[in-house]
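Take a look at the structure below.
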Amino acid sequence: QVTTRLQGGEALVRGVPQIVEEIVYNLCDNAIAYNRANGSVTVTVENTPGGARLCVRDTGIGIAEQHRERVFERFYRVDKSRSKETGGTGLGLAIVKHIAAGIGAQLSLESQVGVGTAITVQFPPLQSQAQ
């Protein structure tokens with residue numbers, strides 16, 4: 001019971017397609033799993049002067065300030081009580097962080113408890129990856 005929406009346009013990223021797709025999949029999977037009934041997920045793709053940008057924004061449970069640094073650690077789960085519901089392992093965002101670091105992308109997270117979370121991946125410009 002979560003509505004998904006894609007907005008923006010084409011943006012080129014240098015990388016192995018399956019690996020880059022893993023970033024999108026894991027971010028969307030988390031946004032849906034930690035959402036609420038009748039919530040929404042918006043995926044925005046855009047070109048910026050600094051490179052392609054991907055943002056996955058949800059209307060889910062949000063992440064409290066004290067957990068924000070740790071959500072990218074392997075096996076770390078903010079809401080352990082939801083493990084049976086979501087079936088997650090706590091690896092999704094750790095995988096995203098690892099892949100992003102490997103291709104030179106930067107991650108940022110904005111969140112408010114009870115309102116939702118937005119995770120943005122800023123990919124490097126194509127010319128800086130060409131070496």
Side-chain angles (χ1 to χ4, degrees):
Q1 297 177 333
V2 174
T3 302
T4 57
R5 185 173 69 153
L6 177 62
Q7 62 185 26
E10 185 176 293
L12 297 176
V13 175
R14 187 175 313 280
V16 176
Q18 293 86 350
I19 299 297
V20 175
E21 287 170 12
E22 191 72 21
I23 290 175
V24 178
Y25 175 83
N26 280 308
L27 291 178
C28 290
D29 187 52
N30 267 19
I32 293 167
Y34 292 97
N35 218 307
R36 56 180 47 115
N38 301 312
S40 66
V41 174
T42 302
V43 180
T44 305
V45 178
E46 58 189 341
N47 278 306
T48 71
R53 180 181 300 146
L54 165 71
C55 180
V56 178
R57 181 176 301 275
D58 66 56
T59 59
I61 62 173
I63 303 167
E65 180 79 35
Q66 69 268 24
H67 297 289
R68 292 184 193 155
E69 285 297 315
R70 299 204 56 204
V71 295
F72 293 100
E73 294 176 12
R74 290 184 301 160
F75 306 113
Y76 187 79
R77 296 177 61 96
V78 172
D79 188 355
K80 293 166 184 57
S81 68
R82 290 177 58 112
S83 347
K84 289 185 178 163
E85 285 176 45
T86 63
T89 60
L91 289 173
L93 293 180
I95 290 169
V96 168
K97 179 181 177 180
H98 180 75
I99 292 170
I103 60 176
Q106 300 295 314
L107 293 175
S108 62
L109 179 141
E110 297 173 35
S111 191
Q112 187 175 350
V113 174
V115 176
T117 300
I119 298 180
T120 301
V121 183
Q122 180 67 52
F123 295 94
L126 290 179
Q127 57 272 28
S128 72
Q129 295 180 354
Q131 286 98 15

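Throughout, residue positions are numbered sequentially from 1 according to the sequence presented.
Evaluation of the side chain to side chain donor-acceptor pair (under 3.5 Å) rule for Thr4 yields no partner, not counting sequence neighbours. Residues passing the side chain to side chain donor-acceptor pair (under 3.5 Å) test with Gln7, sequence neighbours excluded: Arg5, Thr44. Here Ala11 pairs with Val45, Asn47, Ala52 under the side chain to side chain contact (heavy atoms under 4.5 Å, CB included) rule; sequence neighbours left out. By the side chain to side chain donor-acceptor pair (under 3.5 Å) test, Thr120 is found to be paired with no residue, residues two or more places apart in sequence or in another chain being considered. Shown here are the side chain to side chain contact (heavy atoms under 4.5 Å, CB included) partners of Ala105, two or more places apart in sequence or in another chain: Ala100, Ile103, Val121, Phe123, Pro124. By the salt bridge (charged side-chain N to carboxylate O under 4.0 Å, His left out) test, Arg57 is found to be paired with no residue, residues two or more places apart in sequence or in another chain being considered. Qualifying salt bridge (charged side-chain N to carboxylate O under 4.0 Å, His left out) partners for Glu22, counting only residues two or more places apart in sequence or in other chains: none. Scored by the side chain to side chain donor-acceptor pair (under 3.5 Å) test, Glu46 finds Arg53 as partners (sequence neighbours excluded). Under the rule for a side chain to side chain contact (heavy atoms under 4.5 Å, CB included), the partners of Val24 that lie at least two apart in sequence or sit in another chain are Cys28, Leu54.
Shown are Thr3, Thr117, Thr59; of these, the side-chain hydrogen bond (donor to acceptor under 3.5 Å, both in side chains) with Asn35 is made only by Thr59. Checked options Asn30, Asp29, Ile23; the residue passing with Leu27 is Ile23 (criterion: side chain to side chain contact (heavy atoms under 4.5 Å, CB included)).
Hydrophobic clustering of Ile, Leu, Val, Met, Phe, Trp and Tyr side chains at less than 4.5 Å, counting indirect connections, unites Ile95 with Val16. Following chains of ILVMFWY side-chain contacts shorter than 4.5 Å, one can reach Val56 starting from Ile19, so the two form part of one hydrophobic cluster.
One distance of note links CG of Leu109 with CD1 of Ile63; it measures 5.0 Å at 0.5 Å rounding. The OG atom of Ser108 lies 8.5 Å from the CD1 atom of Ile119; values are rounded to the nearest 0.5 Å. Once rounded to the nearest 0.5 Å, the distance linking NZ of Lys97 with CG of Asn26 reads 15.0 Å. Once rounded to the nearest 0.5 Å, the distance linking CG of Asp58 with OG of Ser111 reads 7.5 Å. Note that CD of Gln18 is 11.0 Å distant from CD1 of Ile99, once rounded to the nearest 0.5 Å.
Across every non-hydrogen atom of Arg36 and Gly60, the tightest pair is NH1-O, 3.4 Å.
A distance-only check finds a donor-acceptor pair linking the side chain of Gln122 to the backbone of Gly51 [under 3.5 Å].
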